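Notes follow once the structure below has been shown.
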Amino acid sequence: MSAEFDVEFIERDDRSARFLVRGLTPAFANGIRRAMIADVPTLSIDTVRFIENSSVMFDEMIALRLGLIPLTTPLADYEIGETVTVALDVEGPATAYSGDLTTSDGLVEPADKNIPIIKLNQGQRLEFEADAVLDRGKEHAKHQGGVSVGYRHLQRVEVIGDRGEFDEEEPHILRGVIETEDGELVATDEFDNDLTNRYPGKEVSVTDVPGAFVFHVETDGSLSVEELVDRAAESIGDRAAELKDAVSV
Amino acid sequence: MSYKCSRCKRDVELDEYGGVRCPYCGHRVLLKERARDIKEVDVK
């Protein structure tokens with residue numbers, strides 16, 4: 001593995017990104033992926049104290065729904081196990097949304113404001129206080145910041161000649177990102193994932209570029225993509241340091 | 001145990017020997033009231 005990584009962003013959004021990293025081994029790429037899923041902590045509701053629930057659903061069912069609401073997580077301010085108080089009080093007829101939740105810390109709020117919790121009819125009321133706790137995805141899936149994290153080899157596409165005059169042109173489906181002969185990076189959805197659309201009448205060869213991986217990372221909104229990747233790399237570094245300390249003692 | 005009559009909506013106290021019947025209207029369908037204390041639920 002080379003000492004320096006070469007990172008290039010292909011797509012970038014608030015909650016998702018696609019980027020190319022060169023100089024990785026498959027094992028390290030998978031380590032980063034797993035760290036993004038299981039090692040980066042996020043806040044999630046863990047205990048709910050129901051004061052009133054006259055809705056049609058049981059307390060336990062509402063509590064499970066609450067646990068799955070992503071909360072923005074200022075990781076610099078919290079340690080694992082620390083809590084934030086969350087509260088809600090909605091009276092019917094109305095629908096209680098995640099946006100109705102109030103928190104004791106202004107930096108912590110529902111990442112999406114329009115998640116329905118429960119529809120309340122006339123005379124029904126939902127009131128509770130809850131503790132959101134910071135923990136890792138390996139403890140419970142509700143703490144996973146990365147909801148869709150994966151990678152593929154970067155594939156290099158080279159034109160090796162013209163297709164025979166009487167050869168049938170069959171679709172050549174490829175997904176991910178390709179590198180052309182000019183070194184240009186092209187997402188396959190630009191040509192509908194079919195190489196025959198990009199190279200009509202040509203015969204092409206597709207090869208994996210060694211050590212080059214295209215990551216696709218999507219978060220639930222509790223963290224930004226950059227923070228998720230940063231923290232994942234940091235957690236691998238921390239564990240390597242722990243191992244080093246343990247071995248040297 | 002406190003219940004509510006499903007017909008006349010009045011609060012009904014049941015004792016061990018009285019049987020299940022509303023003392024005001026005689027209706028036999030009683031709904032159990034939710035306890036007024038705070039219930040803590042773990043989200044696991």
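From a predicted model like this one, the values you see are computed outputs, not experimental measurements. Naming: A, B, ... by sequence-line order, numbering from 1 per chain.
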Part of A:D131 within contact of chain B (heavy atom distance under 4.5 Å): neither

I'd like to know whether [atom1] of [X] has more than 12 heavy-atom contacts from other residues, nucleotides or ligands below 6.0 angstrom.
| X | atom1 | answer |
| --- | --- | --- |
| A:K119 | NZ | no |
| A:R49 | CZ | yes |
| A:F9 | CZ | yes |

Heavy-atom side-chain contact between A:F50 and B:V41 under 4.5 Å: yes

Side-chain touch B:E40/A:T47, heavy atoms, less than 4.5 angstrom: yes

Value rounded to 0.5 Å, distance of CG in B:D42 from CD1 in A:I45: 13.0 Å

Spatial distance of atom CD (A:E52) from atom CD1 (B:I38) [nearest 0.5 Å]: 11.5 Å

Verdict with reasoning, A:D59 to B:R34, per salt bridge (charged side-chain N to carboxylate O under 4.0 Å, His left out): CA-CA 11 Å; A:D59 297 347; B:R34 184 188 164 102; 3.0 Å; yes

Backbone of B:V43 reached by a side-chain donor or acceptor of A:K142 within 3.5 Å: yes

Basic-acidic side-chain contact under 4.0 Å: B:K39, A:E60: yes

Chain B contacts, top residue of A:I51, A:D46, A:L66 (heavy-atom pairs, under 4.5 Å): A:D46

